[in-house]
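Keep in mind that the numbers below use all heavy atoms, side chains included, and drop hydrogens, waters and symmetry copies. Note that the numbering runs from 1 along the sequence shown for the chain.
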Amino acid sequence: MKKIVSISVTALCLALLSNVALAALPGMYAGAGIGLSKQLTSTDFIFNSSPVGTTLEQSRQNGGLGGRVFAGFNFNEYFGLEGSYARFNDSEYKSTITSPVSTYVANLDYTMNTYNLVGKAYLPLGETRNFNLYALGGVAYVNSQSDLKETINNVTISKDSVTNNKFRPVYGLGASYDIPASNVTTNLEFSHTQGLGNVNTSSTAIPDANMLTFNVAYNFG
């Protein structure tokens, strides 16, 4: 008798956990994520050489911390729709030309943020379906800006800014885990935003951009 009761209780607990995991999938959710981001800006420096009698020092920094906030709705355990805002790490270039009488400095900075609307297709894994693989694809409204500032002996001599606002494709892959007995889902997601033009030859080009984030979402369903 005790053995039968024990088996029944175990089966009931497993059934409840399974239902909890499934209940977190459909419906509305919202969350935020943080991780690595990179604008695929030029691999070149600002200058190829400097005038005779001067010294040239150059540096560039591509990639770093990025983040996103998002909200979405899963129509069922297989399909959903999500809107998000993403902020990418700046790309920064610096060139310093030093002569006996002056120091010239050029700073070129790229900033990017995107507003995204994507569809998501899930592939549940495991009997309780706590784990999911998913693919995403849609459109991003990209705000990309490049700023060039030139100084001589710390006095600004020139400033130039180019801003681009375009709709561009975005797509990616992710893996999620629905924490049992809670309304919380975690996921690891990679996304790629397709740029426009050649960043090595055009100041109006939009660079490609990648983002890999760890995200936490609360399910309202």
**Heavy-atom check, side chain of Asn62 versus side chain of Thr41, under 4.5 Å** = yes
**Asked** With side chains defined as the heavy atoms from C-beta onward, is the minimum distance between Val105 and Lys94 less than 4.5 Å?
**Response** yes
Can you name the closest pair of heavy atoms from [X] and [Y] and give their distance?
{"X": "Leu108", "Y": "Ser146", "result": "CD1-CB, 4.5 Å"}
{"X": "Glu82", "Y": "Tyr29", "result": "OE1-OH, 2.6 Å"}
{"X": "Asn130", "Y": "Pro180", "result": "ND2-CG, 3.4 Å"}
{"X": "Ser144", "Y": "Pro207", "result": "OG-CD, 3.8 Å"}
{"X": "Leu133", "Y": "Ala175", "result": "CD2-CB, 3.8 Å"}
{"X": "Phe88", "Y": "Asn210", "result": "CE2-O, 3.6 Å"}

**Candidates Thr186, Leu188, Asn187 - the one meeting side-chain contact (heavy atoms from CB on, under 4.5 Å) with Tyr177** = Thr186
**Request:** Run through Ile34, Ile179, Val184 and flag the one making a side-chain contact (heavy atoms from CB on, under 4.5 Å) with Val216.
**Result:** Val184
Taking only residues two or more places apart in sequence, or in another chain, which ones meet [X] in a side-chain hydrogen bond (donor to acceptor under 3.5 Å, both in side chains)?
{"X": "Thr204", "result": "Ser202"}
{"X": "Thr151", "result": "none"}
{"X": "Tyr104", "result": "Glu150"}

**Request:** Report the C-alpha distance between Leu81 and Phe73 in whole Å, list the side-chain angles of each, state the deciding distance to 0.1 Å, and finish with yes or no for side-chain contact (heavy atoms from CB on, under 4.5 Å).
**Result:** CA-CA 5 Å; Leu81 190 66; Phe73 187 87; 5.5 Å; no
**Asked** Going through the checks in order, is the side-chain contact (heavy atoms from CB on, under 4.5 Å) test met by Met211 and Leu36?
**Response** CA-CA 6 Å; Met211 182 172 284; Leu36 300 176; over 6 Å; no
Whether the [X] and [Y] side chains hold a donor-acceptor pair (N or O, under 3.5 Å, no angle test) is what I'd like checked.
{"X": "Thr213", "Y": "Glu189", "value": "no"}
{"X": "Tyr93", "Y": "Gln58", "value": "no"}
{"X": "Asn116", "Y": "Ser84", "value": "yes"}
{"X": "Asn165", "Y": "Asn143", "value": "yes"}
{"X": "Thr111", "Y": "Asp90", "value": "no"}

**Request:** Assess the pair Phe45 and Phe47: is the distance between their ring centroids shorter than 6.0 Å?
**Result:** no
**Check: Tyr122 ring centre within less than 6.0 Å of Tyr78 ring centre** = no
Looking at [X], I'd like to know if its [atom1] atom is crowded, meaning that more than 12 non-hydrogen atoms belonging to other residues, nucleotides or ligands lie closer than 6.0 Å.
{"X": "Asn48", "atom1": "CG", "result": "no"}
{"X": "Asn154", "atom1": "CG", "result": "no"}
{"X": "Phe79", "atom1": "CZ", "result": "no"}

Just by distance, do the side chain of [X] and the backbone of [Y] share a donor-acceptor pair under 3.5 Å?
{"X": "Glu77", "Y": "Pro26", "answer": "no"}
{"X": "Asn153", "Y": "Thr103", "answer": "yes"}
{"X": "Arg168", "Y": "Gly195", "answer": "yes"}
{"X": "Ser102", "Y": "Ser99", "answer": "no"}

**Request:** Output every pair passing salt bridge (Lys or Arg N to Asp or Glu O under 4.0 Å) with a member in residues 38-62, not counting sequence neighbours, ordered by first then second residue.
**Result:** none
**Item:** Those residues that, when tested against Asp109, pass salt bridge (Lys or Arg N to Asp or Glu O under 4.0 Å) (two or more places apart)
**Value:** none
**Message:** I'd like to know whether Val142 forms a side-chain contact (heavy atoms from CB on, under 4.5 Å) with Met112, so could you lay out the CA-CA distance, the side-chain angles of the two residues, the decisive distance to 0.1 Å, and finally the verdict.
**Reply:** CA-CA 7 Å; Val142 179; Met112 179 185 287; 4.1 Å; yes
**Fill in**
Across all chains, not counting sequence neighbours, the ring-ring contact (aromatic ring centres under 6.0 Å, His included) partners of Phe214 are none
**Message:** Applying side-chain contact (heavy atoms from CB on, under 4.5 Å) to Val118 and Val170, what does each step give before you reach the verdict?
**Reply:** CA-CA 8 Å; Val118 300; Val170 59; 3.7 Å; yes
